[in-house]
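Structure, as structure tokens:
The basis for the numbers below is simple: all heavy atoms, side chains too, and nothing from hydrogens, waters or symmetry mates.
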Amino acid sequence: MNKLITGGAGLIGSEFESGIKITRNDFDLTNPFEVDRMFKIYNPDYVIHAAGKVGGVGANINYKADFYFENIMINTNVLHYAKQNNVKRVLSFLSTCIFPDKVDYPITEDKIHLGPPHESNDAYAYAKRMADIQTKSYNEQYGTNYFCVIPTNVYGPRDNYNLNDSHVLPAMIHKCYNAILENNDWVLWGDGKPLREFIYSKDVAKICDILLEKHEGTEPVILSPSVEISIKELANMVAKIMGYKKKIIWDTTKPSGQYRKFSDNSKLKSIIGDFEFTKIETGLEETIDFFLKKYKKKKK
């Protein structure tokens, strides 16, 4: 299988065991000429499109224009020039934040466009929704065979741990590490009540390879273990694994983010059958071990 993976050095893209992995150092995906050149050089049959500008609550609130522009340009270019260069199959990544803020739970694939997303990340969410619209439009007009996947909160070793723009879990790990190092209280944003479903990055890569072979349709597919955990519970797990003994301070002057995004993974199960998701305790241990080794090495 001649497969190309955008975002090849990222959280998800790095976990694929085979394929040509493209990073931002190789091509600027916001530039249409660069994207066209990329496809002409590698001539892939299949594309896993995992590249994008991502970040946590704070980054999404403070840099809405950046999140919208970069993601709308990346997705537009990748999908358009994949079609122009006769790519057989494109799997593009969306996010559960694209779903309406006010929606009947559980979330299913047919509820993407039923209302506005949460205001904390609406610019990013709308840009991601347009990838779904573009995918459907190209399938209808050009007969392409493209589809999207919608993972819940993805976590794993090669995440972004930068405190300025990281997601909830990598930021939590880094802040805990600093609190231990400096013998300070561990301060986290919000009240810890929001519920999230976490899926391990290695599981996501395995599932996507299965979907490329087994998903015969073009409708989006939610990737989720359909197990919720509160941010407070997650913090307690991280504290236990990292050996943090002091108090966790919840800063309620900061936003907590959308309260709930519970999803239905029945469509995924109908396609791939039984799949053994990595237990969050196991995934957290591997992720934290990777962070500690990488960060300690970096600090030397």
Side-chain angles (χ1 to χ4, degrees), residues 11-12 50 52-61 64 67-68 71 92-132 148-156 159-160 165-172 188-201 203-204 207-208 219-238 250 254-269 275 277-280 283-284 287:
L11 171 61
I12 298 171
K53 181 177 178 62
V54 297
V57 175
N60 271 282
I61 291 172
K64 289 190 175 186
F67 275 88
Y68 181 85
N71 284 295
S92 299
F93 277 85
L94 308 183
S95 164
T96 50
C97 74
I98 67 176
F99 286 98
D101 181 28
K102 295 178 175 59
V103 65
D104 292 331
Y105 291 98
I107 293 169
T108 52
E109 290 85 354
D110 57 352
K111 295 178 180 177
I112 295 173
H113 303 286
L114 295 185
H118 192 270
E119 62 181 2
S120 65
N121 53 20
D122 52 0
Y124 171 77
Y126 277 123
K128 283 293 186 179
R129 281 191 189 184
M130 290 306 101
D132 175 60
C148 300
V149 294
I150 313 167
T152 51
N153 286 57
V154 184
Y155 74 99
D159 213 330
N160 170 24
D165 58 1
S166 54
H167 280 116
V168 59
L169 183 52
M172 188 180 282
L188 296 173
W189 279 25
D191 57 17
K193 293 180 181 178
L195 301 170
R196 294 291 183 268
E197 298 168 294
F198 289 89
I199 183 170
Y200 198 34
S201 55
D203 291 350
V204 173
I207 290 170
C208 287
E219 292 302 309
V221 182
I222 291 172
L223 311 186
S224 165
S226 285
V227 177
E228 287 185 303
I229 181 173
S230 74
I231 300 303
K232 188 169 288 188
E233 288 176 298
L234 186 69
N236 290 333
M237 285 185 182
V238 171
W250 295 95
K254 296 292 193 297
S256 297
Q258 190 172 351
Y259 174 64
R260 198 180 189 214
K261 303 179 183 180
F262 183 57
S263 65
D264 180 351
N265 69 357
S266 58
K267 185 172 184 178
L268 174 66
K269 286 185 174 180
F275 182 87
F277 290 94
T278 302
K279 292 181 180 179
I280 192 163
L284 278 177
T287 299

Would you mind reporting whether [Y] and [X] have side-chain heavy atoms less than 4.5 Å apart?
| X | Y | result |
| --- | --- | --- |
| K193 | S230 | no |
| V168 | R196 | no |
| W250 | I231 | yes |
| I222 | F99 | yes |
| M237 | I229 | yes |
| S201 | L11 | yes |

So, [X] side chain and [Y] main chain: donor-acceptor pair closer than 3.5 Å or not?
| X | Y | result |
| --- | --- | --- |
| K102 | P117 | no |
| E197 | N153 | no |
| K267 | P220 | yes |
| H167 | L169 | no |
| T108 | D264 | no |
| K111 | D104 | yes |

Which pair of heavy atoms, one from [X] and one from [Y], lies closest together, and at what distance?
| X | Y | answer |
| --- | --- | --- |
| A125 | I98 | O-CG2, 3.6 Å |
| S263 | S226 | O-OG, 3.0 Å |
| L268 | S224 | CD2-N, 4.0 Å |
| P100 | G115 | CG-N, 3.4 Å |
| F93 | C208 | CZ-SG, 3.5 Å |
| V154 | P151 | CG2-CB, 3.6 Å |

Taking the six-membered ring for Trp, is the centroid-to-centroid distance between F275 and F277 below 6.0 Å?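 Yes, close enough.
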Y200 ring center near Y155 ring center (under 6.0 Å): yes
Looking at [atom1] of [X] and [atom2] of [Y], how far apart are the two atoms once the value is rounded to the nearest 0.5 Å?
| X | Y | atom1 | atom2 | value |
| --- | --- | --- | --- | --- |
| K128 | N71 | NZ | CG | 5.0 Å |
| K261 | C97 | NZ | SG | 5.5 Å |
| K232 | L195 | NZ | CG | 12.0 Å |
| I207 | I12 | CD1 | CD1 | 10.5 Å |
| K64 | Y126 | NZ | OH | 10.0 Å |
| D132 | S92 | CG | OG | 9.5 Å |

Given side chain to side chain contact (heavy atoms under 4.5 Å, CB included), test F262 with I107 step by step and report yes or no. CA-CA 6 Å; F262 183 57; I107 293 169; over 6 Å; no
Walk me through it: do C148 and L94 pass the test side chain to side chain contact (heavy atoms under 4.5 Å, CB included)? CA-CA 7 Å; C148 300; L94 308 183; 3.7 Å; yes
Go through I280 and L234 one step at a time and tell me if the side chain to side chain contact (heavy atoms under 4.5 Å, CB included) criterion holds. CA-CA 9 Å; I280 192 163; L234 186 69; 3.8 Å; yes
Working note: E119 + D101, criterion side chain to side chain contact (heavy atoms under 4.5 Å, CB included); need CA distance, chi angles, decisive distance, verdict. CA-CA 8 Å; E119 62 181 2; D101 181 28; over 6 Å; no
Presence of salt bridge, E228 and R260, under 4.0 angstrom: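 Between E228 and R260 there is a salt bridge, with a charged N closer than 4.0 Å to a carboxylate O.
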Without hydrogens or angle criteria, can the side chains of D203 and T278 be said to hold a donor-acceptor pair below 3.5 Å?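 Result is yes, a qualifying pair exists.
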In terms of the angle between their ring planes, are F67 and Y124 parallel, tilted or perpendicular, with boundaries placed at 30° and 60°?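 Plane angle over 60°, so perpendicular.
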